[in-house]
Enquirer: 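Provided herewith is a single structure, encoded as structure tokens, for subsequent inquiry.
Within every chain, numbering begins at 1; the chains are lettered A, B, ... in the order of the sequence lines, protein sequences first and strands thereafter. What you see is a predicted model, and the numbers here were worked out from it, not measured in a lab.
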Amino acid sequence: MSQELPKTYSPSETEERIYKLWLDSGYFSPENLPGERKEKFVSAIAPPNITGELHMGHALEVTLQDILIRMKRMQGYKTLWLPGLDHAGIAAQNKVEKQLAKEGLSRHDLGREKFIKRVQEWKEQYGGAILNQFKRIGISVDWSRLRYTMDEDYQKAVEYAFLKYHERGWIYQGERVINWCIRCSTSISDLEVNYVPEKAKLYYIKYGPFTLATVRPETKLGDTALAVHPDDERYKKYVGADLEVDSVDNSTPREEPPQIKKVKLKVVADESVDPEFGTGIIKVTPAHDLTDSEIGKRHDLPSVTIIDRHGKMNGNAGVRYEGMKTTHARELISKDLEELGLMEKVEDYDHNIGRCDRCNSVIEPLPSEQWFLKMNELAKLAIEAVAEKEVVLNPQRWEEPYLSWLKNIKDWNISRQLWWGHRLPVWFHEPKCIPRPGHEKEIEKCEEKKISTTKPTCKYCDAKYTQSGDVLDTWFSSALWPFATLGWPNEASKDLNEYYPTDFITSDRGILFLWQVRMIFSGKFFTKKAPFKNIFIHPTVLTKDGKRMSKSLGTGIDPLLLTEKYGTDALRFGLSYQTTGVQDMRFNEDVILMGKKFANKLWNIARYVLIKVGSDYRFEVDKTPKSTDKIVTKMAEVSSLISNNIEEYKFGEAAHLLYDFVWHDIADKYIEETKDKDDKNTHDTLAYLLVTSLKLLHPFMPFVTEEIWSKLPTNTERELLVISKWPS
RNA sequence: GGGCGGUUAGCUCAGUGGUAGAGCAUCUCAUUGACGUUGAGAGGGCCAUAGGUUCGAAUCCUAUACCGCCCACCA
């Protein structure tokens, strides 16, 4: 019996009901899919942060991924799309710290244990929200396999990974100059530093026979050398010399006028100095500058730390400056130098300043004891995977930045001085060994440091081990995502054996290096396989004016407001329609409106066809009519083009093609031209066009197509459109 | 400094060698027929600029300009 359709399509009355239909069917889980399915198609979601709120980039990302997944499922693949959440170490910690600040508390007021509880509460309260928002977008993920990077199993996988790297000798602890965020009080990686242009001063300071420029005169107190380019003829005669130069005496009390003090500085020659810049000579502060630290290492220079972890001058800076914030010390020392006649001039200067990606505080480069992962071998694995096409980057233009980033990679600082995250499986002997009576000599064999997933004991004494307070960089755990979610490192895991390696992953370009690269080398190292075959770097959604969409800037648009206004299918179709080969997508709401109209058009085509063919007609769910009408041939051509386009991630082309064909070829032409005809051929053709269009449009507009499908009287028992056979 | 995108109608963008396209906006007509969330049609473009290749260039090449992004040692 054909049912009378309402005049217009109403998304709000449909979407929740249809999504429930899919969930109840169980078809999002691969084992519930009907028929013999030999080939698999597997993908993991980019796990959103527990801090997360749905933004337009997410909406685009999961829509595109869903289009591909839905097509594959209809094509008969045993399809798995695995959902999950990321604990988001530093981001989540900051979020909860902000929440605490509103209560007038800091994390230190709570203590580590209680603070972690607060983060867990946060996760319970808000963490799942974004997944529910994803449901509104209609994603066809297997909810029975939901994973979280802080799941017990996942934590074990992370510790196991650390141990394995350590066994290989690739994990080491060492003091390095790293990026230190004073506010977050942790080290952060190079990728988490944003360089922001700012107005600064360039100070020209006299160093004996030279004058040289700096933006940070306060670091003068930590200078241990001067450096010039080895080929610079002007300074060749000074290279190797120990110069005695006038400097400010930092032992003079602050209240007294500044005094001159002689200091000795070695002059070294180093390639990294640009002879063209300024006076062609630089001061070297190995403790407080990343480049200077490298120079210091190359020339075996002493390193004097003068700034502490709170961004204040320490004892080495002398009583005159000790305890001052760096910015205050800068004012004082430049005044002092001026008074002593050691300041030649001060100029305005446009300068890039490093700021924390998470909290926007100024980054202070500091020497600090951190844990590192050696990247040499791992980078090779990642380079190989892409060079040999084991992993294909789409669009291809990302290959070059990918490869060159890996070729210049430095060791990865994987430790963070945070409370929220995976604690390092590293244990330290408490300061003193407690000898057992009669075994005093064995103390020498005691291990100060042990790598272990469980609390170790000492064979030789009674001292206890305490676990390192550091946690791992949040990307260390995300790097394991495609296999840890499937049960790795348990080799017997059924899912791991059946669904790994995966086929596809997609993300924004912003996390290509942070995440994608690291998944690839982790996968290659731990599983000997690339974790996926294809990466699709989807466009970044910008505002209509080309600005970044950001909640704090007030330029963000909530995708869910659009689903309410236009319907989810409209949002999905509009976003797909705008996905072309470009790297930025300026979001245009008009296109969502177009999607809404298109959904309604489709609805009315169905309405027309149902009336036209009559209530006794049975729709063939999978058959091409013997019609000679040209449109039947064209429909087949369109089907095959759509399949290819989706396969090649040309979502926009596919959407354009479907729109034009359905609206203009089917509705405007074929339907108009056959209005007077009522023969079987016309009925069969109309039915075929409708059925095929519904199938092809289903990945883009799953709700309206499934809803129409449910109203068609079919020749066989009703099956859901979501598992119907893909045309061509 | 190196690299990558973009520059096409008022707006947002498709189009990659063969007579300029879509959606939205504007205007005219159709007056209820599956859909007015519609149909038919119109206006509107030196396809950033300058050279080059070609029978032919929005499309390929080379420069330049502007916008945006990424990477990097900017003292």
Enquirer: Of the listed nucleotides (U37(B), G3(B), C70(B)), which one gets closest to any side-chain atom of Thr8(A)?
Expert: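 The nucleotide sitting nearest to the side chain is U37(B).
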Enquirer: Does the Lys NZ or Arg CZ of Lys380(A) fall within the cation-pi geometry relative to Phe521(A) - under 6.0 Å from the ring centre and within 45° of the axis?
Expert: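 Not satisfied by the 6.0 Å and 45° rule.
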Enquirer: Please classify the nucleic acid contact of Arg509(A) as base, sugar-phosphate, or nothing, using heavy-atom distances under 4.0 Å.
Expert: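 Contact class for Arg509(A): sugar-phosphate only.
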Enquirer: At under 4.0 Å, does any side-chain N or O of Tyr349(A) touch on OP1 or OP2 of A75(B)?
Expert: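 Yes, because at least one side-chain N or O of Tyr349(A) sits under 4.0 Å from OP1 or OP2 of A75(B).
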Enquirer: Hey, does the side-chain of Lys601(A) have a donor or acceptor N/O within less than 3.5 Å of a partner on the base of C35(B)?
Expert: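 Check passes, donor-acceptor contact within cut-off.
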Enquirer: What's the closest nucleotide to the side chain of Trp663(A) if the choices are C24(B), A34(B), U38(B)?
Expert: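 Closest nucleotide among those given: U38(B).
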Enquirer: Quick check: do Arg572(A) and Phe700(A) have side-chain heavy atoms less than 4.5 Å from each other?
Expert: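 Not in contact.
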Enquirer: In whole Å, what is the span from the CG atom of Asp590(A) to the P atom of G23(B)?
Expert: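 After rounding, the reported distance stands at 12 Å.
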Enquirer: In whole Å, what is the span from the CG atom of Leu593(A) to the P atom of C24(B)?
Expert: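 Going from Leu593(A) (CG) to C24(B) (P), I get 7 Å.
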Enquirer: Between Phe536(A) and Phe651(A), does the ring centre distance come in under 6.0 Å?
Expert: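 That pair passes the under 6.0 Å test.
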Enquirer: Between C71(B), U37(B), A34(B), which nucleotide has the shortest distance from any of its atoms to the side chain of Trp405(A)?
Expert: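 So the side chain of Trp405(A) is nearest to C71(B).
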Enquirer: Do Ile537(A) and Leu512(A) come close enough that some side-chain heavy atom pair is under 4.5 Å?
Expert: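 Yes - at least one pair of side-chain heavy atoms lies under 4.5 Å apart.
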Enquirer: What does the B/S/- profile of nucleotides 12-22 of chain B look like, 5' to 3', with a 4.0 Å heavy-atom cutoff to protein?
Expert: BSS-------S
Enquirer: Mind checking Val609(A) for me? I need base, sugar-phosphate or nothing, with any heavy atom below 4.0 Å counting as a touch.
Expert: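 Since no nucleic acid heavy atom lies under 4.0 Å of Val609(A), the category is nothing.
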Enquirer: On the ring face of Phe372(A), is Arg176(A) found with NZ or CZ under 6.0 Å from the centre and within 45° of the axis?
Expert: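 Here Arg176(A) passes the 6.0 Å and 45° test against Phe372(A).
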Enquirer: From A34(B), C73(B), A75(B), pick the nucleotide closest to the side chain of Lys410(A)?
Expert: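 The answer is C73(B).
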Enquirer: Should Lys596(A) be listed as having a side-chain N or O under 4.0 Å from OP1 or OP2 of U37(B)?
Expert: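 For U37(B), neither OP1 nor OP2 has a side-chain N or O of Lys596(A) closer than 4.0 Å.
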